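Each remark here refers to the structure printed beneath this line.
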Protein chains: 2
Amino acid sequence: MNEHRQPALLGEQQAAERLSRFHILPTQQRVQIARVLLARDQHLSADQVLDLVKAAGNRVSKATVYNTLGLFADKGVVREVIVDPHRVFYDTNTSVHHHFYNVDTGELTDIGADQLRLEGLPGVPPGTVAEGVDVIIRIRQRH
Amino acid sequence: MNEHRQPALLGEQQAAERLSRFHILPTQQRVQIARVLLARDQHLSADQVLDLVKAAGNRVSKATVYNTLGLFADKGVVREVIVDPHRVFYDTNTSVHHHFYNVDTGELTDIGADQLRLEGLPGVPPGTVAEGVDVIIRIRQRH
DNA sequence: GTCAGTGCAAACCCTTTGCAGAAAG
DNA sequence: CTTTCTGCAAAGGGTTTGCACTGAC
């Protein structure tokens, strides 16, 4: 009856291995952050990650969460989603896909790559290379 | 030889009329902001707008610039572009189009609607309505 | 022992807010 | 005269930084 009190966490082993695969040294805090973050496909802000790590009974500082999420994004473990000037979301789904962003609730929902196709991608400006394509469909509550 | 020292400004009359058309009371500051902002197709941050208004010899406060840009966006005079967690850009081109965002330089460039087509727009989640679609192609300097 | 990672608090920066004074109609 | 707008400065909130401490190898 109480097996759902705590959100499922990724095992420490698995988390550490996953970080190693991305050439990230699996320190204690990074592993704890990975355990909550990578447990499922989700979109979390830095603050939410901090809360989840603490809720799981581990201690991390705010600075480390920010540093770590930035590192994870750099290394490709997660993807930054910028839809709101107030906070950055980290998306654990790194495959090609897009998003609905509910401006009223702040909720972010995935749109599979198969549900939306981009035709005729334009060439990038000279001297630059493409890094990624973000498609955001902004929605709001009816009325 | 000195006709380019000052960026071209929209005439006061034109600026005021344009605001009225969007049901915005054309007060002094709003008109001055509109004159620099709407002079051409461009992407400006609030800070840049503040600097431009001051450079044009007019006085405005930071708060008024923020309030005014927010108002303009609400009324549809400009479009907010959120590509950078650090600042919001205001785009004077309100027709359907997309953007390149150079993450190294912070530069925003338009992509005409004719250069990129979206196929198979998915239906929005129940209880919500679409407000807009943003396509951002993130680019960076080669090497 | 050396170098990288972490924690804390303070600094930062963009943006918003509260409120008194000014301007618009 | 009433309502809305503006300016200033202060507050806000997410993110970053500086620096001493800790941990990894």
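Note on naming: letters A, B, ... go to the chains in the order of the sequence lines (proteins, then strands), and numbering restarts at 1 for each one. Note that the coordinates shown come from a computational prediction; the quantities given were computed from them, not determined experimentally.
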**Request:** On the 0 to 90° scale, with breaks at 30° and 60°, tag the A:H43-A:H97 ring pair as parallel, tilted or perpendicular.
**Result:**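 Ring orientation, 0 to 90° scale: tilted.
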Could you tell me how far apart [X] ([atom1]) and [N] ([atom2]) are, to the nearest whole angstrom?
X	N	atom1	atom2	result
B:R87	C:dC14	CZ	C1'	10 Å
B:L50	D:dC8	CG	P	11 Å
A:D47	D:dG12	CG	C1'	14 Å

**Prompt:** How do A:N67 and B:A63 order along DNA chain C: which one's closest nucleotide is nearer the 5' end?
**Reply:**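 Here A:N67 is the residue nearer the 5' end.
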**Item:** Upstream residue (5' side of DNA chain C) when A:Q29 and B:H86 are each assigned their closest nucleotide
**Value:**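 Closer to the 5' end of DNA chain C: A:Q29.
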**Message:** OP1 or OP2 of D:dT6 versus the side-chain N and O atoms of B:R59: is any pair under 4.0 Å?
**Reply:**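 No.
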**Message:** Is the phosphate of D:dT6 approached by B:T27 (side-chain N or O, under 4.0 Å from OP1 or OP2)?
**Reply:**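 For B:T27, the contact criterion (side-chain N or O under 4.0 Å from OP1 or OP2 of D:dT6) is met.
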**Asked** Among D:dT16, C:dT15, C:dG7, which is the nearest nucleotide to the side chain of B:K62?
**Response**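 Per side-chain heavy atoms of B:K62, the pick is C:dT15.
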**Request:** Can you see which heavy atom on B:I82 is nearest to which on B:I136, and at what distance?
**Result:**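 Scanning both residues completely, I find the closest heavy atoms to be O-CD1, 4.0 Å.
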**Item:** A:D110 and A:H98: side chain donor to acceptor below 3.5 Å
**Value:**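 The criterion, which ignores hydrogens and geometry beyond distance, is not satisfied for A:H98 and A:D110.
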**Prompt:** What distance do A:R79 atom CZ and A:T94 atom OG1 have between them, rounded to the nearest 0.5 Å?
**Reply:**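 If I round to the nearest 0.5 Å, the distance is 9.0 Å.
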